[in-house]
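All chains are named by letter (A, B, ...) in the order of the sequence lines, taking the proteins before the strands, and each is independently numbered beginning at 1. What's counted below: heavy atoms across the whole structure, side chains too, no hydrogens, waters or symmetry copies.
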Protein chains: 2
Amino acid sequence: MAKTVEQIATALGLSVTTVRLVLSGKAAQYRISAKTQQRIASYVDEFGYSINHTARSLKLNKTDTLGLIIPRLSNIFFATLAEKLEIRCREAGYQLMISCYYNDSPYENQLVDALIHRNVDGLFVVPASLGNQQHHLKTSTRPVILLDRDFATPEVSLVLSDNVHGSERLTEAMLQQAVPPIFFLAGDINQPTIHQRLIGHKRVMERHGLVHPEWVVTGTYNSREDGDLMMRRFIEERGSFPGAFIASSLPVLEGALSVLREKWGVISPEINIGTFDEHPMLGFLSNNIWSVRQNEDAWAEHAVDAMQRLINGEKGPIRHVIPMTLIERRRKASVSG
Amino acid sequence: MAKTVEQIATALGLSVTTVRLVLSGKAAQYRISAKTQQRIASYVDEFGYSINHTARSLKLNKTDTLGLIIPRLSNIFFATLAEKLEIRCREAGYQLMISCYYNDSPYENQLVDALIHRNVDGLFVVPASLGNQQHHLKTSTRPVILLDRDFATPEVSLVLSDNVHGSERLTEAMLQQAVPPIFFLAGDINQPTIHQRLIGHKRVMERHGLVHPEWVVTGTYNSREDGDLMMRRFIEERGSFPGAFIASSLPVLEGALSVLREKWGVISPEINIGTFDEHPMLGFLSNNIWSVRQNEDAWAEHAVDAMQRLINGEKGPIRHVIPMTLIERRRKASVSG
DNA sequence: GTGAAAGCGCTAACAT
DNA sequence: ATGTTAGCGCTTTCAC
């Protein structure tokens with residue numbers, strides 16, 4: 001069905017230039033005769049025309065494709081971010097290629113290499129570590145925009161949330177309702193995002209004169225398994241569950257709560273819970289729960305905008321820090337029925 | 001850094017053929033001299049070599065890229081499916097391009113057209129409607145494998161869950177615990193997946209002599225909003241919430257439960273809940289809850305395998321119906337502390 | 001053992 | 001107003 005420019009040209013006894021000109025809407029500009037336009041139009045009507053994007057890419061040395069490399073899609077935050085990025089990329093004329101590395105650092109590097117081989121025009125990546133980040137910046141022949149993780153390296157383009165302030169607001173809000181101590185279940189505190197969240201939390205606690213080293217529980221990964229482990233250890237050491245705590249991320253929260261359900265058959269509704277990242281299912285809990293939402297829409301907007309500027313040769317680095325939104329779910333929203 | 005074959009050839013005073021042969025590991029086969037191999041090897045060691053995938057695609061008329069078109073990524077089922085498909089595609093040497101249509105049918109068609117223009121070698125798609133499906137099959141010049149929705153059209157390649165049996169098992173399990181009636185909150189019953197689930201449910205209810213038309217509540221979409229609406233209407237009509245119900249999908253469940261929390265401040269733990277699709281956060285509920293998990297891993301395995309066979313010219317259609325897994329969460333798993 | 005050359009479909013520069 | 005042509009980097013066929 002779909003014909004190439006050349007097939008149309010030879011079929012009509014025209015040159016490729018003429019056909020291209022009318023196909024790209026420049027007929028008027030180059031004063032192609034009405035009848036020629038007619039002939040081409042009706043031919044295309046009948047047989048169709050489909051540009052070969054691959055040939056175009058080879059010639060122009062650009063694929064109109066951007067890459068996105070993230071830890072995983074089954075994490076609601078990254079899934080939503082991918083959605084928003086995909087939408088904005090398409091609006092900007094780019095196709096997005098999404099790949100996940102499942103916390104496998106060497107694999108993350110391979111993904112970058114693979115996408116670069118495929119001539120993507122630019123790369124968005126959430127690096128697992130500073131080492132990965134450096135690999136990407138060194139390897140990539142195209143602009144790289146880093147997401148979510150601030151390894152405090154200068155001269156890199158970066159979009160992320162204002163985790164320190166988000167964490168401050170979360171802690172402040174919880175202190176209005178919950179009787180201290182408020183425990184902080186941190187996953188991997190070497191991961192910059194978690195580190196920032198912990199800083200914000202501690203800052204507020206100190207401001208209120210509430211400091212105790214044992215109120216921060218740390219793990220190794222920001223995973224469900226580690227949330228499980230931290231809560232289990234907590235209960236072993238103290239004999240009971242915390243009256244109020246903050247999870248450094250949603251997987252940690254899932255793990256922590258699964259322990260409570262396993263041990264008590266139910267998650268005590270008295271516990272005041274704080275968490276990073278928002279999910280509709282947080283409403284399934286009967287507890288007071290505060291969540292800090294990251295604004296994926298704003299991330300996407302700024303990231304794609306920055307990417308276009310870098311592709312157009314603008315000098316980086318471009319940095320954006322996006323405010324977070326605090327969402328509060330109170331135990332008894334209403335008593336009417 | 002990355003050199004092309006030709007750059008290497010001219011730099012070393014060799015021909016592209018020679019360079020290609022050693023680069024593609026056929027040096028021995030064509031008896032390229034050891035010193036020539038050495039020279040090429042050390043040159044590549046120093047400057048690197050990066051194949052231009054675009055040029056290769058143009059020549060071979062294949063991109064080693066497959067497309068995946070789904071409603072949205074923020075739905076955990078589709079996100080997980082995308083993950084599993086991406087992994088298996090990569091194992092098979094393909095890059096996956098994921099795009100979402102957000103329940104916009106015309107947009108879904110555009111996505112297919114866009115991916116076909118980009119010369120993907122094949123397409124996986126979850127069609128929103130029969131009309132969409134027909135568009136894809138007509139438009140696509142490459143193999144299409146449909147996912148999840150069985151519109152009862154013969155001669156199409158299709159991978160989906162065994163929704164009827166899954167639903168039967170879910171209903172049976174709930175009947176062991178819950179006092180009837182069990183209500184069924186169906187979203188869009190015209191959507192084949194939901195239709196099948198309803199069939200399975202009714203079949204078991206009939207078998208137990210439990211039939212009542214009003215026990216099935218229907219909506220228009222399989223969305224959170226519709227779940228909200230259905231539950232709201234239910235409560236208005238009957239004055240209270242159901243003692244046991246099944247949600248036809250996770251978004252419907254989210255909507256339905258949000259109404260309970262809004263009206264009573266809490267989700268009564270006495271309610272027996274069934275739902276399709278599994279999510280770790282279902283454990284946040286204090287209720288007895290049964291969920292029917294779809295086996296995304298098996299989907300991916302069969303879908304990619306089928307795709308490879310179709311690409312290799314095998315005659316379709318290829319169909320796979322994947323069993324579902326019932327997951328049970330009981331209110332009091334244990335009382336020890 | 002190694003080389004030369006055509007051609008995939010497009011774009012852009014240059015002719016008429 | 002319309003036509004010709006080189007070349008993007010690769011693969012493949014044929015030739016020494």
Side-chain angles (χ1 to χ4, degrees), chain A residues 1-41 43-44 47-65 93 116-121 141, chain B residues 1-41 43-44 47-65 93 116-121 141:
Chain A
M1 186 169 202
K3 302 290 186 181
T4 73
V5 175
E6 205 168 328
Q7 287 172 323
I8 300 176
T10 54
L12 298 180
L14 295 167
S15 80
V16 285
T17 311
T18 310
V19 176
R20 267 200 71 243
L21 255 23
V22 351
L23 252 31
S24 57
K26 293 183 180 158
Q29 190 180 329
Y30 286 86
R31 293 184 284 177
I32 308 291
S33 71
K35 53 198 101 159
T36 303
Q37 293 190 45
Q38 251 314 322
R39 293 177 61 213
I40 296 176
Y43 185 92
V44 168
F47 300 101
Y49 162 67
S50 164
I51 195 183
N52 184 325
H53 198 272
T54 307
R56 180 190 155 90
S57 294
L58 178 59
K59 176 67 186 175
L60 298 185
N61 191 28
K62 64 171 192 148
T63 51
D64 299 324
T65 301
I116 290 297
H117 275 164
R118 279 169 184 267
N119 293 317
V120 293
D121 296 342
T141 52
Chain B
M1 183 169 205
K3 302 288 185 183
T4 71
V5 176
E6 204 166 329
Q7 287 173 323
I8 299 176
T10 53
L12 297 180
L14 294 167
S15 79
V16 285
T17 312
T18 310
V19 177
R20 266 201 73 244
L21 288 175
V22 352
L23 252 34
S24 56
K26 294 182 180 161
Q29 189 179 332
Y30 286 85
R31 295 184 283 176
I32 307 290
S33 71
K35 54 198 97 158
T36 303
Q37 292 189 45
Q38 252 313 321
R39 294 177 61 213
I40 294 175
Y43 185 92
V44 167
F47 301 100
Y49 162 66
S50 164
I51 195 181
N52 184 324
H53 198 272
T54 308
R56 179 190 156 90
S57 294
L58 178 59
K59 177 66 186 178
L60 298 184
N61 191 29
K62 64 170 192 149
T63 51
D64 300 323
T65 301
I116 290 297
H117 275 165
R118 279 169 184 266
N119 293 318
V120 293
D121 296 341
T141 52

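Side chain of I51(B), nearest nucleotide from dC10(D), dT2(C), dC10(C): dC10(D). Nearest to the side-chain atoms of R56(B) among the listed nucleotides dG9(D), dC10(D), dG3(C) stands dC10(D).
Formation of a donor-acceptor pair under 3.5 Å by the Q37(B) side chain with backbone atoms of I32(B) is found in this model. Counting only distance, with no hydrogens or angles, the side chain of D121(B) and the backbone of K62(B) share no donor-acceptor pair below 3.5 Å. Proximity of a side-chain donor or acceptor of R39(B) to a complementary backbone N or O of L12(B) within less than 3.5 Å is detected.
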Please write out the pairs of protein N or O atoms and N or O atoms of nucleotides 12-16 of chain C separated by less than 3.5 Å, giving the distance to one decimal.
none

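The interatomic distance linking L23(B) (CG) with dC10(D) (C1') rounds to 12 Å, in whole Å. Atom P of nucleotide dT11(C) and atom CG of D64(A) are separated by 11 Å, given to the nearest angstrom. Atom CG of L21(B) and atom C1' of dT13(D) are 13 Å apart (whole Å). One atom, CG of L14(B), and another, C1' of dA4(C), lie 14 Å apart when rounded to the nearest Å. Atom P of nucleotide dG3(D) and atom CD1 of I8(A) are separated by 14 Å, given to the nearest angstrom. Regarding E6(A), its CD atom lies at a distance of 12 Å from the C1' atom of dT4(D), rounded to whole Å. Here the P atom of nucleotide dC10(C) and the NZ atom of K62(A) are 16 Å apart, to the nearest Å. Summarising the geometry, the separation between CG on N61(A) and P on dC10(D) is reported as 12 Å, rounded to the nearest angstrom.
A close approach under 4.0 Å does not occur between any side-chain nitrogen or oxygen of S57(B) and OP1 or OP2 of dC10(D). At the phosphate of dG3(D), OP1 or OP2 sits under 4.0 Å from a side-chain N or O atom of T18(A).
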Requested in this report: Go through the steps to decide whether N119(B) and T141(B) satisfy the test side-chain contact (heavy atoms from CB on, under 4.5 Å), and finish with yes or no.
Outcome: CA-CA 9 Å; N119(B) 293 318; T141(B) 52; over 6 Å; no
Requested in this report: Determine, step by step, whether T18(B) and S15(B) satisfy the side chain to side chain donor-acceptor pair (under 3.5 Å) criterion, reporting the C-alpha distance in whole Å, the side-chain angles of both residues, the deciding distance to 0.1 Å, and the verdict.
Outcome: CA-CA 5 Å; T18(B) 310; S15(B) 79; 3.1 Å; yes
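Residues passing the side chain to side chain donor-acceptor pair (under 3.5 Å) test with S33(B) are T36(B), sequence neighbours excluded.
Across L58(B) and N52(A), no two heavy atoms sit closer than the pair CD1-ND2, 4.1 Å.
Side-chain contact annotation: T65(B) with R118(A), donor-acceptor N/O pair under 3.5 Å present.
With values rounded to the nearest 0.5 angstrom, Y43(A) atom OH is found 6.5 Å from Q7(A) atom CD.
Position along DNA chain C of the nearest nucleotide to S15(B) versus L58(B) favours S15(B) as the more 5'-ward residue.
At a threshold of 4.0 angstrom between heavy atoms, the contacts of T54(A) with the nucleic acid are absent.
Inter-axis angle, ends of the helix from dG1(C)-dC16(D) to dT16(C)-dA1(D), five pairs per end, rounded to 10 degrees: 50°.
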